[in-house]
2 protein chains.
Amino acid sequence: MKLSTKGRYGLRAMVDLGIHSEQEPVSISSIAARQQISDRYLEQLIGKLKKAGLVSSVRGAQGGYQLARDPGEISAGDILRVLEGDLMSVTCDGDGDGDTPCCEVSDYCVTRYVWQKVHEGIIAAVDNLTLAELIEQSKGMHGGC
Amino acid sequence: MKLSTKGRYGLRAMVDLGIHSEQEPVSISSIAARQQISDRYLEQLIGKLKKAGLVSSVRGAQGGYQLARDPGEISAGDILRVLEGDLMSVTCDGDGDGDTPCCEVSDYCVTRYVWQKVHEGIIAAVDNLTLAELIEQSKGMHGGC
DNA sequence: GCAAACCCCACTAAATTGCTAGGATTTCCA
DNA sequence: TGGAAATCCTAGCAATTTAGTGGGGTTTGC
């Protein structure tokens, strides 16, 4: 139960875009260099973010990526959902093929109950956190941690 | 970012123990049969829970497991932390070997910031949820979901 | 026209997950 | 006193996921 590099890199890339792409599009290679990430790998992650409509692209030379919306209109949850899949989707222990009802085994709905609670906690946290806020945070700390 | 069977099975096993082990210890095989879980696998999970001090064991014939503490004194978070590892541990993207400071790359502390928020949300959810509450939930629903 | 960039898909080594297997040890009970 | 029932311990293994790498294409500014 941990955040993979997909989510971590994606958050950093989006913050980077927010800071550097206001005037002109930013290339994968420049983000990768600043963030010290494999550019081939980052390319795939940003591809997903583009398909999800969070970033827009400009093809050809001097092209690159830009945020598709205002940073205030993008939440950390939006980014993480794209890259990490459903954030703690609430599933039963049933096989989920639709044939069997969700809960034929005694008392395993506790899982569902717990997960509902956890899910609510996560969603509340990441959906109320805008990219704008993260960018502000990031600008605030120069080198220090 | 999902709950593995470890956490799901562990929660169900603990609820099962809470319901059935008040008088006498309960064997792995009976829990596994009721919960429809591989007993060999469950054995390993309960082993961890024992090492963590959440359940106690009685060896030999007619032995088995019991809750080590009152269900009101065990939280869902306690169980999940044992089986799923740190719940969203807040780590930087630094290599974490202690040699390099946490944040030598520009602005990746946003990861840390986001994760702090998510972590708080999760902890608040699972640590305020007692096993007693889950047992009550479980008893409340007979077959229904 | 050519280089810089995005785009797309396939492959792979390493780690994790969800088990299975084979025992050894302890203890109740007939 | 001899099983049988149970916990304990460690190792292995197939399937999946992760974190990339690789080899191309296509679009576009200069």
Side-chain angles (χ1 to χ4, degrees), chain A residues 1-13 17 20-21 24-33 35-52 54-66 68 80 82-86 89 91 93 95-96 111, chain B residues 1-10 12-13 17 20-21 24-33 35-66 68 80 82-86 89 91 93 95-96 111:
Chain A
M1 193 154 133
K2 58 189 202 299
L3 186 58
S4 71
T5 58
K6 291 178 198 168
R8 295 208 304 270
Y9 291 175
L11 284 170
R12 284 162 56 187
L17 272 182
H20 297 102
S21 77
E24 54 209 354
V26 169
S27 70
I28 293 274
S29 57
S30 69
I31 300 176
Q35 302 293 331
Q36 300 190 8
I37 297 173
S38 149
D39 50 355
R40 291 304 236 152
Y41 188 38
L42 183 58
E43 191 183 347
Q44 294 171 37
L45 302 182
I46 294 206
K48 285 189 176 184
L49 293 170
K50 176 181 156 65
K51 199 180 292 184
L54 297 179
V55 302
S56 60
S57 65
V58 179
R59 299 193 63 167
Q62 279 68 52
Y65 294 92
Q66 283 175 309
L80 293 176
V82 169
L83 298 172
E84 298 275 344
D86 277 347
S89 58
T91 56
D93 278 341
D95 49 9
T111 311
Chain B
M1 195 151 131
K2 60 189 200 297
L3 186 59
S4 70
T5 58
K6 290 179 199 169
R8 296 208 303 272
Y9 291 175
R12 284 162 57 189
L17 271 183
H20 296 103
S21 78
E24 53 208 356
V26 169
S27 71
I28 294 273
S29 57
S30 69
I31 300 176
Q35 302 293 331
Q36 299 189 10
I37 298 173
S38 149
D39 49 355
R40 292 303 238 154
Y41 187 40
L42 182 58
E43 190 183 344
Q44 293 170 35
L45 302 182
I46 296 207
K48 284 188 178 186
L49 293 170
K50 176 182 155 64
K51 200 181 288 184
L54 296 179
V55 302
S56 60
S57 66
V58 178
R59 299 194 62 169
Q62 278 68 53
Y65 294 91
Q66 283 176 307
L80 292 175
V82 169
L83 298 172
E84 298 276 345
D86 278 347
S89 58
T91 56
D93 279 341
D95 47 11
T111 311

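In what follows, every chain begins at residue 1, and chains take the letters A, B, ... in the order their sequences are listed.
Remark: the backbone N or O of A/Ser56 is not paired with any side-chain donor or acceptor of A/Gln66 at under 3.5 angstrom.
When heavy atoms are screened at a 4.0 angstrom cut-off, B/Gly64 is found touching the sugar-phosphate backbone but no base atom.
Residue A/Asp39 comes nearest to A/Ile28 through the heavy atom pair O-CG2, 3.5 Å, listed as atom of the first residue, atom of the second, then distance. When all heavy atoms of A/Glu84 and A/Gly7 are compared, the closest pair comes out as OE2-N, 3.0 Å. Of all the heavy atoms in B/Ala32 and B/Leu42, the pair that sits closest is N-CD2, 3.8 Å. The heavy-atom pair separating B/Gly53 from B/Ala68 by the smallest distance is O-CB, 3.4 Å.
Protein atom CD1 of A/Ile28 is 14 Å distant from nucleotide atom P of D/dT21, rounded to whole Å. Atom CD in B/Glu84 sits about 12 Å away from atom C1' in C/dG18, given to the nearest Å. In this structure, the NZ atom of B/Lys50 is 17 Å from the P atom of D/dA6, given to the nearest Å. Atom CD in B/Glu24 sits about 11 Å away from atom P in D/dA6, given to the nearest Å. The CD1-C1' distance, from A/Ile46 to C/dC8, rounds to 16 Å in whole Å. Here the P atom of nucleotide C/dG18 and the NZ atom of B/Lys48 are 11 Å apart, to the nearest Å. Taking atom CG on A/Leu83 and atom P on D/dT18, their separation rounds to 11 Å, with Å as the unit. To the nearest angstrom, P of D/dC13 lies 18 Å from OH of B/Tyr41.
To the nearest 0.5 Å, the span separating OH on B/Tyr41 from OG1 on B/Thr5 amounts to 3.0 Å. Between the CG atom of A/Leu80 and the CG atom of A/Leu3 there is a distance of 6.0 Å, given to the nearest 0.5 Å. Atom-to-atom distance recorded for A/Gln35:CD and A/Arg8:CZ is 12.5 Å, nearest 0.5 angstrom.
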What donor-acceptor contacts under 3.5 angstrom involve side-chain atoms of residues 43-52 of chain A, with partners at least two apart or in another chain?
residue	atom	partner	partner atom	Å
A/Glu43	OE1	A/Arg40	NH1	3.2
A/Lys50	NZ	A/Ser57	OG	3.1

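Close to D/dA6, at under 4.0 Å from its OP1 or OP2, lies no side-chain N or O of B/Tyr65. For D/dA19, one of the phosphate oxygens OP1 or OP2 lies less than 4.0 angstrom from a side-chain nitrogen or oxygen of A/Ser4. The shortest distance between the side-chain N/O atoms of A/Ser27 and the OP1/OP2 oxygens of C/dC6 is not below 4.0 Å. Look at B/Thr5 and you'll find a side-chain N or O under 4.0 angstrom from OP1 or OP2 of C/dG18. The shortest distance between the side-chain N/O atoms of B/Tyr9 and the OP1/OP2 oxygens of C/dG18 is not below 4.0 Å.
Contacts with DNA chain D (heavy atom under 4.0 Å) in residues 51-62 of chain B: B/Ser57, B/Val58, B/Arg59, B/Gly60, B/Ala61, listed by number.
Under the 4.5 Å side-chain criterion, counting only non-hydrogen atoms from C-beta, A/Ile37 is not in contact with A/Ile31.
When distances run from any side-chain atom of B/Lys6 to the nucleotides C/dG18, D/dT7, C/dT20, the shortest one goes to C/dG18.
Looking at A/Glu43, its side chain has no donor and acceptor atom pair within 3.5 Å of the base of C/dC6.
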So which protein N/O to nucleotides 9-12 of chain C N/O distances come out below 3.5 Å?
none

